[in-house]
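When a ligand or atom number is given, it counts from 1 through the structure's own listing order. Values reported hereafter were calculated over all heavy atoms of this structure, with side chains retained and with hydrogens, waters and symmetry mates removed.
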Amino acid sequence: MLVPLPAEAYINGMNDAAAAPLIDPFARPITYLRVSVTDRCDFRCVYCMAEHMQFLPKAELLTLEELDRLCSAFVGLGVRKLRITGGEPLVRRNIMGFFRQMSRHLGSGLDELTVTTNGSQLARFATELVDCGVRRINVSLDTLDADKFAAITRWGRLPQVLEGVAAAQRAGLRVKINAVALKGVNDSELFDLVRWCGDEGHDLTFIEVMPMGDLGNEDRLDQYWPLSDLRRQLAERFTLIDLAERTGGPARYVRLHETGQKIGFITPLTHNFCESCNRVRVTCTGELYMCLGQEDRADLRAPLRASDDDAALVAAIRHAITLKPKGHDFDYSRQTVAGQMTRHMSHTGG
Ligand code: SAM
Ligand code: SF4
């Protein structure tokens, strides 16, 4: 659906955030931006990348200066939370310079600057992240078994990640562990993961494996472990208290009465969460995806590169938001993968 831009949204040719914050056609305010700063990664997780990935030529990627302009434009339009992701964001050259630049928005527009990482570089960067105003991070970790970890990530090594997580904690970062629920892989470790996170003081969120990438539908379907099932198993050992808390995102939370731990569930396939979606995603090439599970997207690189002035960029963002779809169409229910996205998760950053 095409919604015309309101004339009052323009002041001297520039959009004004206060006059017209980003609201999509379904009355959802867009306040959360996730930016993939690279498609490269030092791991090759089986559900995310092929082992021999063809990465983009460098010229395709937004430079750090372009990423700065783009993120700053979104902050000017009312985005309050910025998550840096990838690929592996912490392998991009001089990424700490970018975090430092973004930190200037904290307290003046931006409430939170955060990152999703595989943890491999945290031992190097945790202290600097804190210096840049980062307070909470997400670390993806599916298993505490070194062999399984190597099998899932292909190139990753568990001790390096555990050391990174420990360094993050020493630096004062709050860590949330994100674990993809994988049938036949980490289903036997459910209680070990819960116990470890409880002992270490990390929050824990489980994610259903999504039909992303061209890795073969059967792989994804075979590995699909519905979180309804995981939750049932948890409930056999713990009393689960549903929390009303919503982050505007896909996660639903419970508290384990016995330990006080908060556990999140990201269930794109068993629970539709789109009605409260407050987010959009930008890829490392400057494509704005209005929904993770749809192909609708807008090119922001062209307006960025066409002019040093941000007017065209802002107009392109506003126009794209008028096209944000109502929701995604992922569906495994007929024992096939429907609504599948051929692009890899590393492209949009999850
Ligand atoms: N490299 C960083 C990391 O692993 O945290 C950031 C990018 S990664 C693409 C972001 C998240 O997407 C990770 O938590 C990863 O587990 C998740 N992910 C990747 N492929 C997925 C898939 N097919 N289904 C569900 N989650 C996936
Ligand atoms: Fe890399 Fe993250 Fe994808 Fe794993 S999930 S291959 S760590 S981008």
Where ligand 2 meets Phe43 - atom numbers and elements under 4.0 angstrom, heavy-atom basis: 6 (S), 7 (S)
N-O pairing of Arg297 and Glu287 below 4.0 Å: yes
Contact atoms of ligand 1, heavy-atom distance to Gly87 under 4.0 Å: 1 (N), 2 (C), 6 (C), 7 (C)
Arg237 NZ/CZ over Phe191 ring centroid, <6.0 Å and within 45° of normal: yes
Side-chain donor-acceptor pair present, Tyr47, Asp142, cut-off under 3.5 Å: yes
Salt bridge flag under 4.0 Å for residues Glu112 and Arg136: yes
Gly86: numbered ligand 1 atoms lying under 4.0 Å from its heavy atoms: 7 (C), 9 (C)
Selection from Ser140, Gly119, Ala181 by shortest heavy-atom distance to atom 5 (O) of ligand 1: Ser140
Distance-only polar pair, side chains of Arg124 and Gln121, donor-acceptor under 3.5 Å: yes
contact_flag Gly86 ligand 2 heavy-atom lt 4.0 Å: no
Salt bridge present between Asp310 and Arg69 (N-O < 4.0 angstrom): yes
Aromatic ring pairing Phe149/Phe43, orientation class (parallel under 30°, perpendicular over 60°, tilted between): perpendicular
N/O separation below 3.5 Å, Glu88 to ligand 1: yes
Metal proximity, Cys48 vs atom 4 (Fe) of ligand 2, N/O/S cut-off 2.8 Å: no
Per-atom contacts, ligand 1 versus Glu208 - under 4.0 Å to a heavy atom: 25 (C)
Val180 neighbourhood, listing ligand 1 atoms whose heavy-atom distance to it stays under 4.0 Å: 16 (O), 26 (N)
Arg40 with Glu88: basic N within carboxylate O range, under 4.0 Å: no
Those atoms of ligand 1 less than 4.0 Å from some heavy atom in Thr85: 6 (C), 7 (C)
Residue portion contacting ligand 1 (non-hydrogen atoms closer than 4.0 Å) for Thr117: backbone
